[in-house]
Protein chains: 2
Amino acid sequence: MKFSEAEENYIKSIYHLQLSNNKVSATLLAAAVNTKAASVTDMLKKLQLKKLINYKPYQSFTLTDKGNKVALDIIRKHRLWEFFLVSKLGFKWDEVHAIAEELEHISSEELILRLDNFLDNPSFDPHGDPIPDRNGKIKFIPQKNLSAAPLKKELIVSSIKDQSSEMLELLKHYHIGIGTKMKINKRFDFDGSVEIKIDKLPVAIVSEQMAKNIFCKI
Amino acid sequence: MKFSEAEENYIKSIYHLQLSNNKVSATLLAAAVNTKAASVTDMLKKLQLKKLINYKPYQSFTLTDKGNKVALDIIRKHRLWEFFLVSKLGFKWDEVHAIAEELEHISSEELILRLDNFLDNPSFDPHGDPIPDRNGKIKFIPQKNLSAAPLKKELIVSSIKDQSSEMLELLKHYHIGIGTKMKINKRFDFDGSVEIKIDKLPVAIVSEQMAKNIFCKI
DNA sequence: TAATATATTTAGACGAATCTAATAATTATT
DNA sequence: AATAATTATTAGATTCGTCTAAATATATTA
Ligand SMILES: [Mn+2]
Ligand SMILES: [Mn+2]
Ligand SMILES: [Mn+2]
Ligand SMILES: [Mn+2]
């Protein structure tokens, strides 16, 4: 079954919201797809008709199994394209999101299969997020953010939650990227800030807000 | 200025029709974009408002300079993507058109710049059609079809006009592709058919219809 | 629990792109 | 030049995705 670009964007956003906020509201979804709540309601009815979501008016909604599969398929495409853009075309990891947002809607199955192969079947995108395989299976990595990870242990940055350009700017300033190795020296209770040590760099302190968005393999 | 996918498809089709049929009619255009003449009329008005075509009701229309630039930009994207699909992903030349038809609408300038570079700035797509450079400049090759090319001279197939799957099937059967070397032995006046000789293959006869669609460097 | 605040849905409209059927203009043919 | 055939345009709908404003349901809190 084929879906419109709008439908795909809604589905994908519901998936993401479900992961982080587990209760998905019309208002949250509206913000995610950059539209108004009224438009969301309209779309929810369509998605329900197509059996992509479970939805009763005035109640929060969830993806059906079918909806979940569709979401994973779009996310797979999005992340494979991001990987392509960074690894083959030399884009920086903070430049690829908007382009992948378009590319993810190209419909050819065969294209994605071949792209996946061309890229040597990567498991993680440039932001450290897992790329679902063609069956929607995701390679799960146990990870903890800097507010939860253990002290004095070698950590490897594995993904960044908030991928806004503001966040990515700050990361660049700290010389932090996917794969960066660091140790946590100390956590400060007063403001939740965290002192970290990266290889040859002087110690640095990151805010709690930032720490919560930086995930590491443990 | 950004254009919708529909607008881009119309513009591109007008460009192509202008090249081959030089008088572009609403009916022809309707067939090319797979729609009805009434819809074409509606779109023509929009394109005129955006100064992409010269159009007076009931008269035939042409692209403006601006329209021409837009067309060349889309064609550039289409052909670069086709080149990518064949050279990097291993698609056959008869499998890429439909996919490029979608990819050509991805909007990022930077993406195309980098793709072009990644592909080593190719001048011709897998069907032998020239790829406009970023300024819309096209590398022109003098070529003649098999109904017009000289006899007994070494010819190199440089492009195929009709790129329907039927045509491409037939070409495969004859072992003819871009770059194939051949000589014309004889042309038959009765039906316009042409006897050709390809390197190690036995002589073969192609129909006039086919001959007119196979272009060679001379 | 009743009042208030917040979130969601409906009603009604709009722009884009399409369609069919009817009409009008152009072109070709007697 | 008049008629017939062809082609193009308009009129009126439809579908999709969106909007604002009004109405309604749910959640909060006094
Ligand atoms: Mn998208
Ligand atoms: Mn990503
Ligand atoms: Mn297209
Ligand atoms: Mn081509």
Side-chain angles (χ1 to χ4, degrees), chain A residues 1-14 17-18 20-63 67 70-71 74 101-102 104-107, chain B residues 1-14 17-18 20-63 67 70-71 74 101-102 104-107:
Chain A
M1 193 179 265
K2 289 279 307 285
F3 304 100
S4 74
E5 193 161 328
E7 287 170 331
E8 291 190 347
N9 284 334
Y10 275 90
I11 289 289
K12 196 184 57 161
S13 290
I14 296 172
L17 289 171
Q18 236 164 21
S20 46
N21 296 55
N22 54 53
K23 274 268 172 282
V24 187
S25 71
T27 339
L28 264 177
L29 182 49
V33 298
N34 203 25
T35 183
K36 298 299 157 69
S39 311
V40 168
T41 303
D42 287 348
M43 184 57 92
L44 290 179
K45 290 185 208 155
K46 284 181 219 161
L47 296 179
Q48 185 190 31
L49 271 176
K50 300 192 178 183
K51 315 259 190 205
L52 293 165
I53 60 171
N54 303 113
Y55 167 66
K56 293 262 148 85
Y58 289 104
Q59 290 172 221
S60 75
F61 43 89
T62 55
L63 289 177
V70 173
I74 305 161
E101 203 56 49
E102 290 183 51
E104 70 190 358
H105 305 290
I106 304 292
S107 62
Chain B
M1 195 179 267
K2 288 280 306 286
F3 305 100
S4 73
E5 194 161 327
E7 287 169 333
E8 292 190 348
N9 284 333
Y10 275 91
I11 289 286
K12 196 184 56 162
S13 290
I14 296 172
L17 289 171
Q18 235 164 22
S20 45
N21 296 54
N22 54 52
K23 274 267 172 285
V24 187
S25 71
T27 340
L28 263 177
L29 182 50
V33 296
N34 203 26
T35 184
K36 300 297 156 68
S39 310
V40 168
T41 304
D42 287 349
M43 183 58 91
L44 291 180
K45 290 186 209 153
K46 285 180 219 164
L47 296 180
Q48 186 190 31
L49 271 176
K50 300 192 176 183
K51 315 259 191 207
L52 294 166
I53 60 170
N54 303 113
Y55 167 66
K56 293 262 149 87
Y58 289 105
Q59 291 173 220
S60 74
F61 43 89
T62 56
L63 289 177
V70 173
I74 305 161
E101 202 56 49
E102 289 183 51
E104 70 190 358
H105 304 290
I106 303 292
S107 61

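To find a chain, count down the sequence lines: A is the first, B the second, and so on, and within it residues start at 1. Side chains are part of it too, since the values below use all heavy atoms of this structure and drop only hydrogens, waters and symmetry mates. Bear in mind the structure is a predicted one, so any value in this text is a computation, not a measurement.
Here the P atom of nucleotide C:dA7 and the CG atom of A:L44 are 16 Å apart, to the nearest Å. Counting to the nearest Å, the C1' atom of C:dA7 and the CG atom of A:L17 are 16 Å from each other. If you measure from atom CD of B:Q48 to atom C1' of D:dA8, you get 15 Å, rounded to the nearest angstrom. Atom-to-atom, CD of B:E5 to P of D:dC16 comes out at 17 Å; the value is rounded to the nearest Å. Between the C1' atom of C:dT8 and the NZ atom of A:K45 lies a distance of 11 Å, rounded to the nearest Å. For the pair B:M43 CE and D:dT9 C1', the interatomic distance rounds to 16 Å; values are reported in whole Å.
Both A:D42 and A:Q59 sit near DNA chain D, but only A:D42 has its closest nucleotide nearer the 5' end.
Between the B:T35 side chain and the B:A31 main chain, no donor and acceptor come within less than 3.5 Å of each other. With B:S13 contributing its side chain and B:N9 its backbone, the two residues share a donor-acceptor pair below 3.5 Å. Remark: side-chain polar atoms of B:E7 are paired, donor with acceptor, to backbone N or O of B:S4 under 3.5 angstrom.
Contacts of B:K56 with the nucleic acid, taken as non-hydrogen atoms under 4.0 Å apart, are absent. Using a 4.0 Å heavy-atom cutoff across all strands shown, A:F61 reaches no nucleic acid atom at all.
Listed nucleotides: D:dG17, C:dA17, D:dA25. Nearest to the side chain of A:Y58: D:dA25. Nearest to the side chain of A:K46, among D:dT18, D:dG17, C:dA17, sits D:dG17.
Rounding to the nearest 0.5 Å gives a distance of 10.5 Å between CE of A:M43 and CG of A:L52.
Remark: A:Y10 is not in phosphate contact with D:dC16, judged by side-chain N or O atoms under 4.0 Å from OP1 or OP2.
Across all non-hydrogen atoms, the minimal contact from B:A26 to B:V40 is O-CG2, 3.9 Å.
For B:E102 and A:S107, the side-chain atoms include at least one donor-acceptor pair closer than 3.5 Å.
At a non-hydrogen distance threshold of 4.0 Å, A:T35, A:K36, A:A38, A:S39 from residues 24-41 of chain A come into contact with DNA chain D.
A salt bridge links B:K12 and B:E101; the closest N-O separation between the charged side-chain nitrogens and carboxylate oxygens is under 4.0 Å.
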